[in-house]
Amino acid sequence: ILNVEQSPQSLHVQEGDSTNFTCSFPSSNFYALHWYRWETAKSPEALFVMTLNGDEKKKGRISATLNTKEGYSYLYIKGSQPEDSATYLCAFIKGGSEKLVFGKGTKLTVNP
Amino acid sequence: EAGVVQSPRYKIIEKKQPVAFWCNPISGHNTLYWYLQNLGQGPELLIRYENEEAVDDSQLPKDRFSAERLKGVDSTLKIQPAELGDSAVYLCASSPGTSGRADTQYFGPGTRLTVL
């Protein structure tokens, strides 16, 4: 059974704060890691697909890093805004598989 | 470009009733996925189609769930009969099939099913 763990489960920050959360996955047989943002009542939105150890990707105020050797990825949000409030999901694909295995997500609430 | 379309958005039924969900993927996307998301959990794959072929349905409870993707475009997921434990969000996603397993999957808004 593949375990993809996300922490923290939920997070409340003030507008303007920077924040980060973690996705842990099996370090052996890695293929790719996906990050999604899911706002309430909307479709999950793809943020990043990461495949290489040491990858760092950025989209506006959101960035992510990847360490496949130790099995973790960090998602950073700089200067959080209320519109960043959402659940952030990571999903892991192992080598030889076609299937995304999702974590339970980190629910971020940004208070104005 | 239109995104993945799902209908209905919400459905409330009584147990033992049948229910069907419809998905229209992004135009040109060969791969289509159905996921189940239980409260507090991440989405779990039910079935994956490459064009009209179901290439992974290992997680689909075949005693009560069925799916089809006729003509390799839109898809229907059916539950018959529904049970209380089927209350969940059913998500459809599609991907272009150009980058293999690193393809971005594009999700629809989901159907929230409540079984009473």
Side-chain angles (χ1 to χ4, degrees), chain A residues 1-10 21-25 29-53 55 57 59 64 66 68 73 75 86-107, chain B residues 1-10 23-26 29-51 53-60 88-112:
Chain A
I1 297 177
L2 282 178
N3 279 327
V4 178
E5 304 286 343
Q6 291 190 246
S7 62
Q9 186 175 342
S10 65
F21 18 93
T22 306
C23 173
S24 301
F25 51 84
N29 206 11
F30 173 88
Y31 186 80
L33 189 85
H34 295 230
W35 279 101
Y36 288 86
R37 173 172 63 196
W38 194 359
E39 294 179 64
T40 302
K42 294 187 177 179
S43 304
E45 174 197 355
L47 291 174
F48 308 114
V49 179
M50 309 179 82
T51 56
L52 297 174
N53 184 44
D55 246 358
K57 300 220 170 181
K59 184 177 182 178
L66 179 68
T68 62
S73 176
L75 190 81
T87 295
Y88 291 82
L89 291 163
C90 69
F92 166 78
I93 303 179
K94 71 175 184 179
S97 173
E98 301 282 343
K99 191 162 80 171
L100 284 178
V101 179
F102 281 86
K104 295 180 181 181
T106 292
K107 184 174 181 179
Chain B
E1 180 184 86
V4 176
V5 178
Q6 289 189 248
S7 68
R9 291 291 308 274
Y10 304 92
C23 172
N24 192 31
I26 292 173
H29 281 195
N30 298 324
T31 309
L32 184 146
Y33 313 79
W34 282 102
Y35 287 89
L36 163 69
Q37 197 226 4
N38 287 304
L39 187 65
Q41 305 295 316
E44 296 175 21
L45 181 70
L46 287 172
I47 189 167
R48 176 171 65 93
Y49 283 94
E50 295 288 347
N51 298 302
E53 183 183 357
V55 294
D56 183 358
D57 63 356
S58 56
Q59 303 300 309
L60 190 72
V89 175
Y90 292 82
L91 289 162
C92 179
S94 69
S95 63
T98 54
S99 301
R101 290 174 287 154
D103 253 359
T104 295
Q105 294 185 22
Y106 298 86
F107 283 83
T111 297
R112 182 175 294 277

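All values below come from the heavy atoms of this structure, side chains included, with hydrogens, waters and symmetry mates left out.
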For residues W38(A) and A86(A), report the shortest heavy-atom separation together with the two atoms involved. O-CB, 3.5 Å
In terms of heavy-atom contacts, L75(A) and A64(A) come closest through CD1-CB, 3.9 Å
Option in E44(B), Q37(B), Q59(B) with maximal non-hydrogen atom pairs under 4.5 Å from chain A: Q37(B)
Taking all non-hydrogen atoms of both residues, which atom of Q41(B) and which atom of K104(A) are closest, and how far apart? OE1-CE, 3.3 Å
Structural part of Y36(A) lying under 4.5 Å from a heavy atom of chain B: side chain
Let's test your reading of the structure: which of R9(B), Q105(B), Q6(B) forms the most heavy-atom pairs below 4.5 Å with chain A? Q105(B)
Is it the backbone or the side chain of R112(B) that comes under 4.5 Å from a heavy atom of chain A, or both, or neither? neither
Enclosure of K57(A) NZ (heavy-atom neighbours >12, cutoff 6.0 Å): yes
Neighbour count >12 (heavy atoms, 6.0 Å) for atom CD, E45(A): yes
Quick check on the interface: out of V4(B), T31(B), V55(B), L45(B), who has the most heavy-atom pairs with chain A under 4.5 Å? L45(B)
In terms of heavy-atom pairs under 4.5 Å with chain A, the winner among P43(B), G42(B), G108(B), P109(B) is P43(B)
